[in-house]
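Because the structure is predicted, anything quoted here is derived from the model rather than measured. The chains referred to below are lettered A, B, ... by the order of the sequence lines, with proteins before strands, and numbering in each begins at 1.
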Amino acid sequence: MSELTKGEFMASYRDMVKIRRVEETLMDVFSAGEIPGFIHVCIGQEATPVAVCKNLKESDCIATTHRGHGHALAKGIDLKLFMAELFGKKNGPCLGRSGSMHLAYKALGIMGANGIVGGGIPIATGAAFASKYKKNTDVIVCFFGEGSAGEGTFHESLNMASLWKLPIVYVCENNGWAEFTSQSVHMPIKDVADRAASYNMPGVVVPNDFLEIYAAAGDAVERARRGEGPTLLEVKSRRWHGHFVGDAQKYRAADDIEGARAQDCIARFENYLFSNNLLRPDEAAALDREIRDSVSQAIEFARNSPFPDPSELTEGLYA
Amino acid sequence: MKEIRYLWAINEAIREEMERDGNVLLIGEDVGGPGGSFGASRGLAERFGPERVVDTPISEAGIMGLAAGAAVCGLRPILEIMFMDFMTVCMDGIVNQAAKLRYMFGNQYTVPLVIRTPAGGGLNAGPQHSQCLEAWFAHVPGLKVVMPATPYDVKGLLKSAIRDDNPVIVVENKALHAMKGNIPEEEYLVPIGKADIKRSGSDVTVVATSRMVHESAKAADRLEKEGISVELLDLRSISPWDRDTVFTSVAKTHRLVIAHEAVKSFGTGAEVAATVSEEMIHELDAPILRVGAPFVPVPFSLEKAYLPNSEDVYKAVKKVLERIL
Ligand SMILES: Cc1ncc(C[n+]2csc(CCOP(=O)(O)OP(=O)(O)O)c2C)c(N)n1
């Protein structure tokens, strides 16, 4: 793992705040009916995408889930392109066909959010297989929630990846909830990382803390790049909001929500930066203003972009 | 009679069958405490407890096989697969196991298993949450597939499915979940394999399934004003399907349009059209036309343009009346 420079600390902080502002704004525009379908926001979990992706180079790939906005943003997707796709517009990278739940951007190795729980895990594993086959040292990061660890694809993929020493890092963001079901109802263990042992790979548990995630992900990425195989990295993160925007969370106790909010990964990182003179409050405020502006601009851009034309409906099915 | 929503009719059917038979149980993701992703099992966990309303891990392949295994040992599981798209995750359990166990093992076992699953578009949920895959399952010997289009039919068909000794897939359409309709206060069943004549007519037969029944009814209203008389059949069951009712209608109108939301190619419409051609081509005055979705995945933002609707049925009927064989 490389030491972060002051500039990198700032950039990481900016990315985390950016993800939160994007998600907050999306909640508003979605609730106002501007975006159809479902969206799942990652507020409370911003540290993981940023801390993990800070260890990646542009040609490294990620595969993610329905809760994938943060990962795409952390991997560097342009905010306007991102918004255009979420609004279903023609100039989105997926031509308005994917929306939030299947967003992909090949140019930056963003291999897709996924509407199928566990669907992305073997896809990411296949990308790692291809990387090894082509000897190009690219590392793949596969993001998923603890709920996905109930799918056979999780177990089958980890077994193959370890067996063949594939260059992949499995990042499980354990936010304690799979839709409306809490972890103890669907899983007899506390740490998903325990499962790494059965596939003979390192299993690492870290709290929802930027620095710890950054360090652990760095080790895992380096191990993968050295050809030593996969790691299962579990982050104990928290979901602040409902499963999807609009979920009234009747199944969830108020103190669970308060507890999640009390563990704010952004506030924690901010405190660290302030107390180590890596960021000043006035700089943070300026960054926030800048971010809010760019988010509004991206929303305007998406609003004003054209929808695909119905005549294009059947275009491009086959290569 | 009482008015009820489609979703609540599902709930009533499950509740009544669980009251009636202690071996009936509900299995699925979020079906317990939360009452199901769409709310179909609300209150059932409170009534029957976690032994009979079982919240599972997100393990479709596992729970499908598990349900089949429990079924051959005397339980009567109702499995909820949250979106029909996720049925693809458990194809082995359905196609190679549940569908085959009885025949392959020389009729020693029965597999009284129900899979309830919401299908279709309308929510802009995109390519992996909007598909209508009923034809896949109708193509597999050993499975039964029903597609109720009304609250009355979903309750009656779901109850019949639960009592059936074979694996039955009950395909709901998400767009119908909120629909209201009348059902009797007292118990009733709707038999699997029987179509419903929604309106009788003389110029053209429209055979429709699920949401397209309602789109076709709209088209028929419009056509009626133009003096065109449509006989509308709701197929209700895809496998087995009610050939007699379709044949009788076609023998009367001599023209046939088939409408479904699934992709047109290789769909239910193809099966019905081929069978009618094989059995009674001499009765037809015009080529059979099909209405269905285009041959692409369901796109996120162009969903409206993608989904077949009453306008498509209207046009197909006009066309079938113009063309002659
Ligand atoms: C194969 C499949 N089964 C079920 C679902 C419905 N579903 C969507 S998200 C979700 C919960 C996922 O929980 P987790 O993996 O922990 O991710 P989180 O939502 O917490 O980010 C479920 C059950 C799905 N999309 N795909």
Side-chain angles (χ1 to χ4, degrees), chain A residues 35-38 66 85-90 92 94-103 113-119 145-156 178-183 185-188 243-244 247 249-252 307-318, chain B residues 28-39 41-42 45 50 54-65 81-83 85-93 121-131 174 263-265 293-307:
Chain A
I35 298 179
F38 300 112
H66 56 284
E85 187 57 51
L86 263 76
F87 275 69
K89 299 302 177 77
K90 182 188 168 118
C94 306
L95 311 175
R97 292 175 186 164
S98 84
S100 159
M101 213 165 18
H102 321 84
L103 173 73
N114 213 305
I116 302 300
V117 168
E146 81 289 355
S148 323
E151 293 284 13
T153 52
F154 166 85
H155 299 272
E156 295 173 26
E179 284 205 0
F180 321 141
T181 298
S182 69
Q183 187 186 343
V185 173
H186 69 82
M187 199 179 267
H243 172 60
F244 46 75
D247 169 9
Q249 301 200 82
K250 285 190 191 136
Y251 50 87
R252 193 173 176 191
F307 279 109
D309 191 84
S311 66
E312 295 156 19
L313 186 62
T314 54
E315 275 175 18
L317 181 63
Y318 296 105
Chain B
E29 294 157 17
D30 296 310
V31 297
S37 209
F38 291 96
S41 51
R42 248 177 255 152
V54 184
D55 265 326
T56 70
I58 311 175
S59 308
E60 289 82 8
I63 59 179
M64 177 61 63
I81 296 293
M82 199 184 291
F83 284 77
D85 313 71
F86 312 160
M87 298 276 279
T88 61
V89 179
C90 39
M91 286 305 264
D92 175 63
L123 304 183
N124 284 95
Q128 298 172 332
H129 282 70
S130 311
Q131 298 168 87
K174 297 189 278 286
V263 176
K264 181 169 139 181
S265 314
F295 195 61
V296 281
V298 189
F300 169 61
S301 65
L302 281 183
E303 182 185 70
K304 202 156 183 282
Y306 171 94
L307 288 176

Got A:Phe154 and A:Ser148 here, is their nearest side-chain heavy-atom distance under 4.5 Å? no
Would you mind checking which part of B:Glu303 comes under 4.5 Å of any heavy atom in chain A, side chain (CB onward), backbone (N, CA, C, O), both or neither? neither
Tell me, side chain or backbone of A:Phe244 under 4.5 Å from chain B's heavy atoms, or both, or neither? neither
Please classify the contact of A:Leu317 with chain B as side chain, backbone, both or neither, using a heavy-atom distance under 4.5 Å. side chain
Who among A:Gly115, A:Ala178, A:Gly152 has the most heavy-atom pairs with chain B under 4.5 Å? A:Gly115
Looking only at B:Asp85, B:Leu302, B:Leu123, most heavy-atom pairs under 4.5 Å shared with chain A are made by B:Leu302
With chain A, which of B:Pro50, B:Gly62, B:Pro127 has the greatest number of heavy-atom pairs at distances under 4.5 Å? B:Pro127
Hey, what do you get for NE2 (A:His66) to NE2 (B:His129), rounding to the nearest 0.5 Å? 8.5 Å
Heavy-atom proximity to chain A below 4.5 Å, by part of B:Phe83: side chain
Given that the side chain runs from C-beta out, which part of B:Thr88 has a heavy atom under 4.5 Å from chain A: side chain, backbone, both or neither? neither
What's the spacing between B:Ile58 CD1 and A:Ile116 CD1 if we round to 0.5 Å? 11.5 Å
For the interface with chain A, which of B:Ser37, B:Gly35, B:Gly33 has the highest count of heavy-atom pairs at distances below 4.5 Å? B:Ser37
Part of B:Pro294 lying under 4.5 Å from any heavy atom of chain A: side chain
To the closest 0.5 Å, what do you measure between OG (A:Ser98) and CG (A:Asn114)? 11.0 Å
A side-chain contact here means heavy atoms from C-beta on lying under 4.5 Å apart; do A:Glu151 and A:Glu156 qualify? no
Would you indicate whether the side-chain heavy atoms of A:His186 and B:Glu29 approach each other to under 4.5 Å? no
Region of A:Met187 that comes under 4.5 Å of a non-hydrogen atom in chain B: neither
Drop me the distance from A:Lys89's NZ to B:Phe300's CZ, to the nearest 0.5 angstrom. 10.5 Å
Option in A:Gly119, A:Pro308, A:Gly316, A:Ala149 with maximal non-hydrogen atom pairs under 4.5 Å from chain B: A:Pro308
Among B:Asp55, B:Asp30, B:Val89, B:Asn124, which has the most heavy-atom pairs under 4.5 Å with chain A? B:Asp30
What do the steps show when you test A:Thr314 against B:Tyr306 for side-chain contact (heavy atoms from CB on, under 4.5 Å), and what is the final call? CA-CA 9 Å; A:Thr314 54; B:Tyr306 171 94; over 6 Å; no
Looking at CG of A:Asp309 and CD of A:Glu315, how far apart are the two atoms once the value is rounded to the nearest 0.5 Å? 9.0 Å
Residue from A:Met101, A:Arg97, A:Glu312, A:His102 scoring the most non-hydrogen pairs under 4.5 Å with chain B is A:His102
